[in-house]
Protein chains: 2
Amino acid sequence: MKTDKDDIQTCGYTIIHENVVSDVRKKMLADETIMSLAEFFKVFGDPTRLNILYALSISEMCVCDLAALLTMSQSAISHQLKVLRQARLIKYRRDGKVIYYSLDDDHIRQVFAQGLAHVNE
Amino acid sequence: MKTDKDDIQTCGYTIIHENVVSDVRKKMLADETIMSLAEFFKVFGDPTRLNILYALSISEMCVCDLAALLTMSQSAISHQLKVLRQARLIKYRRDGKVIYYSLDDDHIRQVFAQGLAHVNE
DNA sequence: TTCTCATATGAATATATGTTCATATGTCAC
DNA sequence: GTGACATATGAACATATATTCATATGAGAA
């Protein structure tokens, strides 16, 4: 029967605390869950998208309004809106030629709040 | 005195709803705040860092333990730990040759919870 | 239909980012 | 001091990503 010592190499994978590692391993999140979480937070990791989300948390807006507000090209805004749509964070409605975007997730404001709590600590 | 119509061009910056835009503009976050927020969330936007943070939310761990747990190189883990340190999300203590990392932010678990709420909806 | 305008999207480009590899640092044991 | 080991770090590389540019789509007006 092998002892702990036998497993210790150069830290190619020295498990210094086997019990801790195996214990934590049991409680880790599933890979897909981690992946989904990372995708979710990645969306918040860009200033443009944060600005869009924050603006939409104040009022429904059309693409042109957002472009004017953020002084960015319509194309850039549209591309980011697509990302936000795919993340199921925003929804839209069409009125003639104009498309109005708004938030489609209840957690967004809370996520903002928690981020701000960290930033303003 | 110019009317709204005068401002409408090709949408190079057509402000379709001037009142909405000026109204929202007043309530927007400061640029630095948005930047800090983006930096904060960007840290959560990577599976490796999420795994590390989640593991540390269960137990304090050393670098080798984390490498073994996540089946990644010590170097890769160290680099990500540096990112997490710079984001002030983790702290460490030294015990001989071993360095133990742990969470250094109370919001982390809540941020996880909110992310999971979105993912599991 | 044809024109205009609001929006969407594909391709290209520049920049950011995660991992690896090699090496450096720091601590303990001898 | 020297050697072993845990960790840190700089450079290189490959991949991801945000914006721009050009163009396409879709809807109302004439």
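Just so we're on the same page: letters track the sequence lines, and every chain starts at 1.
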- Message: Can you tell me which residue among A/Lys42, A/Met35, A/Glu39 is in a side-chain contact (heavy atoms from CB on, under 4.5 Å) with B/Pro47?
- Response: A/Met35
- Message: Over all strands shown, is A/Tyr100 touching base, sugar-phosphate only, or nothing at heavy-atom distances under 4.0 angstrom?
- Response: nothing
OP1, OP2 of [N] versus side-chain N and O of [X]: anything below 4.0 Å?
X        : N      : value
B/Lys97  : C/dT25 : no
B/Arg94  : D/dT7  : no
B/Ser73  : C/dT19 : no
A/Tyr101 : C/dA8  : yes

From [atom1] of [X] over to [atom2] of [N], roughly how many Å is that when rounded to an integer?
X       : N      : atom1 : atom2 : value
B/Asp65 : D/dA6  : CG    : P     : 11 Å
B/Arg93 : C/dG26 : CZ    : C1'   : 17 Å
B/Arg49 : C/dT17 : CZ    : P     : 9 Å
A/Gln80 : D/dT20 : CD    : P     : 11 Å
B/Ile99 : C/dC28 : CD1   : C1'   : 14 Å
B/Lys42 : D/dA18 : NZ    : C1'   : 10 Å
A/Phe44 : D/dT17 : CZ    : C1'   : 18 Å
B/Asp46 : D/dA16 : CG    : C1'   : 12 Å

- Query: When you measure from the side chain of B/Arg49 to the backbone N and O of B/Val43, does any donor-acceptor pair fall under 3.5 Å?
  - Reply: yes
Filtered N/O pairs between nucleotides 9-12 of chain D and protein, under 3.5 Å:
| residue | atom | partner | partner atom | Å |
| --- | --- | --- | --- | --- |
| D/dT9 | O4 | B/Ser75 | OG | 2.7 |
| D/dG10 | O6 | B/His79 | NE2 | 2.8 |

- B/Leu89 and A/His118: which non-hydrogen atoms are nearest, and at how many Å? CD2-CE1, 3.6 Å
- Which class fits the ring pair B/Tyr92 and B/Tyr101: parallel under 30°, tilted 30 to 60°, perpendicular over 60°? tilted
- Query: Using 30° and 60° as the class limits, which term best fits the ring planes of A/Phe44 and B/Phe41: parallel, tilted or perpendicular?
  - Reply: tilted
- What's the closest nucleotide to the B/Val98 side chain, out of C/dT7, D/dA8, D/dA6? D/dA6
- Message: Taking atom CG as the centre, does A/Asp106 end up with more than 12 heavy-atom neighbours from other residues, nucleotides or ligands that are less than 6.0 angstrom away?
- Response: no
- Does a sphere of radius 6.0 Å around CD in A/Glu32 hold more than 12 heavy atoms from other residues, nucleotides or ligands, not counting ones at 6.0 Å or beyond? no
- Message: Both A/Tyr92 and B/Glu39 contact DNA chain C. Taking the nearest nucleotide for each, which residue is further toward the 5' end?
- Response: A/Tyr92
